[in-house]
K.L.:
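Sending over a structure as C-alpha cells; questions will come in a sec.
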Amino acid sequence: SLRLAQMTGWVSFTLMGLYANLGEVEDGMRTLTPEQALRDAPGAKEMDRAEGRITLEGVGFAYGRRSGGIEHIDLDIAAGEKVGIVGASGAGKSTLVSVLLRLYDVEAGRVLIDGQDIRDVTQESLRRQIGMVTQETAMFNRSALDNIAYGRPGADLSEIEDAARQAEAHDFILGLEDHMGREGYEAHLGERGVKLSGGQRQRIALARAILKDAPILILDEATSALDSEVEAQIQDAFRQIMAGKTVLAIAHRLSTLIEMDRIIVMEAGHIVEQGTHDELLAQGGLYARYWERQSGGFIGVQDAAE
Ligand code: ADP
Ligand code: MG
C-alpha cells in the first residue's frame, strides 16, 4: 500500500504538473483542460537542449471561424536574441507565444526550434526548452518549495532558495503561514492554501523560471502585477535570467523594452512593424504613436477599442 500511495502521489503530481504547465499560459479567459492537450506524434523525438533559434514560417492560427488569432506570421529569431512584442490588447501577442509552446497546433505554416518542427518532438522535451513568466501563473496546492521546484524537479534546497532570493520572493515566503500552521517554504499555496497577491505569484513564477534555466524565456506581462518598487528590485534578476537566452517579452510598459535587440509590433493578428526602439521611432508608425501618446510609455486598455 506504500507503493500504491507513492504511485498515487506521483500520478497526481504529474497531473498537477500538466495543469500547471497549461495553466501557465492561462490568460484571463483562456484555460485549457488536459483533455484538450495535444498528443505527441507517433515516434516523436526527444529534443536535446536547444540553442534557442526560433522560426515561424507562414504561421496562422484561429480560435474559431469568427474569432481572432494570428495570420501569416514570418519570424526568425536568432539564438540569444531578445525580442519585445507590443500591440493593443487582442492583437495576438499571447497567441503567438502559445503556438510556440504548442498549446495549439498551427493551422498554416510551421514553427521550428533550432530548425526542428515542434510537432516532431515530444511536448515534454519541447516545454523543457521554454521558461515562462506570465501575468497569471497558476499555483498548485503544494508547498511554496514544491511550487518553485516544479521548474526543475530534483533541485536541492539551496538552489531553490537562491532562485527565490534572486526573484525577491525569499523574504515574503519566510513570512507565509497556511491554515494548517505550515510556515515558510512548507506553507501550501494554491486554491486551498495561502492566498498570494498577483505580485507574489509573479515572483514565484520568476523563481521557477530562474531555477528551470531553459534556453528560451517567454515573459508575458511578467511584471504587470508588481509595484514599481518591487519591479525595480527584480530588474537585476530579469537581466540575469535573460543573459544568454532567447527572449520573447510581451509588455504593455514600452519603456521596459527599449534595450531589446528587436521590437515587434502586432495588430489584428499580424506583425505590422519591427525594428529597434530607435528605428521604430524614426519610422513614425504605430509604435511611434504608442510611444508618443502614452506619456508613461504604457499601452492602456483604451487602445483595445481602436
Ligand atoms: P493579446 O495577447 O495581444 O492581448 P491574444 O493573443 O490573447 O491577444 O488574443 C488574440 C485574439 O484572439 C483576440 O481577438 C482574442 O479575443 C482572441 N482569443 C484569444 N484567446 C481566445 C480563446 N481561447 N478563444 C477565442 N478567442 C480567443
Ligand atoms: Mg496577452
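All residue numbers refer to positions in the sequence shown, counting from 1. Numbering of ligands and ligand atoms starts at 1, following listing order.
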K.L.:
Restricting to N/O/S atoms, is Ser94 within less than 2.8 Å of the Mg ion (ligand 2) or not?
P.N.:
yes

K.L.:
Out of all atoms in ligand 1, which are within 4.0 Å of some heavy atom of Thr95? Include the element for each.
P.N.:
5 (P), 6 (O), 9 (O), 10 (C)

K.L.:
Under a 3.5 Å threshold, yes or no: a donor from one side chain and an acceptor from the other, between Asp156 and Ser158?
P.N.:
yes

K.L.:
Leu257 and side chain to side chain contact (heavy atoms under 4.5 Å, CB included): which single residue from Val83, Ile250, Val86 fits?
P.N.:
Val86

K.L.:
Under a 4.0 Å threshold between the charged nitrogen and the carboxylate oxygen, would Arg192 count as salt-bridged to Asp178?
P.N.:
no

K.L.:
So between Gly269, Ala268, Gly92, whose heavy atom ends up nearest atom 8 (O) of ligand 1?
P.N.:
Gly92

K.L.:
Considering both backbone and side-chain atoms of Ser89, is one of its nitrogen or oxygen atoms within less than 3.5 Å of a nitrogen or oxygen in ligand 1?
P.N.:
no

K.L.:
Would you call Arg203 and Glu168 a salt bridge, using N to O less than 4.0 angstrom?
P.N.:
no

K.L.:
Yes or no on ring pair (Phe, Tyr, Trp, His ring centres under 6.0 Å) for His252 and Tyr290, after CA distance, side-chain angles and deciding distance?
P.N.:
CA-CA 10 Å; His252 279 170; Tyr290 279 150; 9.4 Å; no

K.L.:
Going by the atom numbers of ligand 1, which of them fall below 4.0 Å from some non-hydrogen atom of Gly69?
P.N.:
11 (C), 12 (O)

K.L.:
Counting only nitrogen or oxygen atoms and a 3.5 angstrom limit, does Tyr104 reach ligand 1?
P.N.:
no

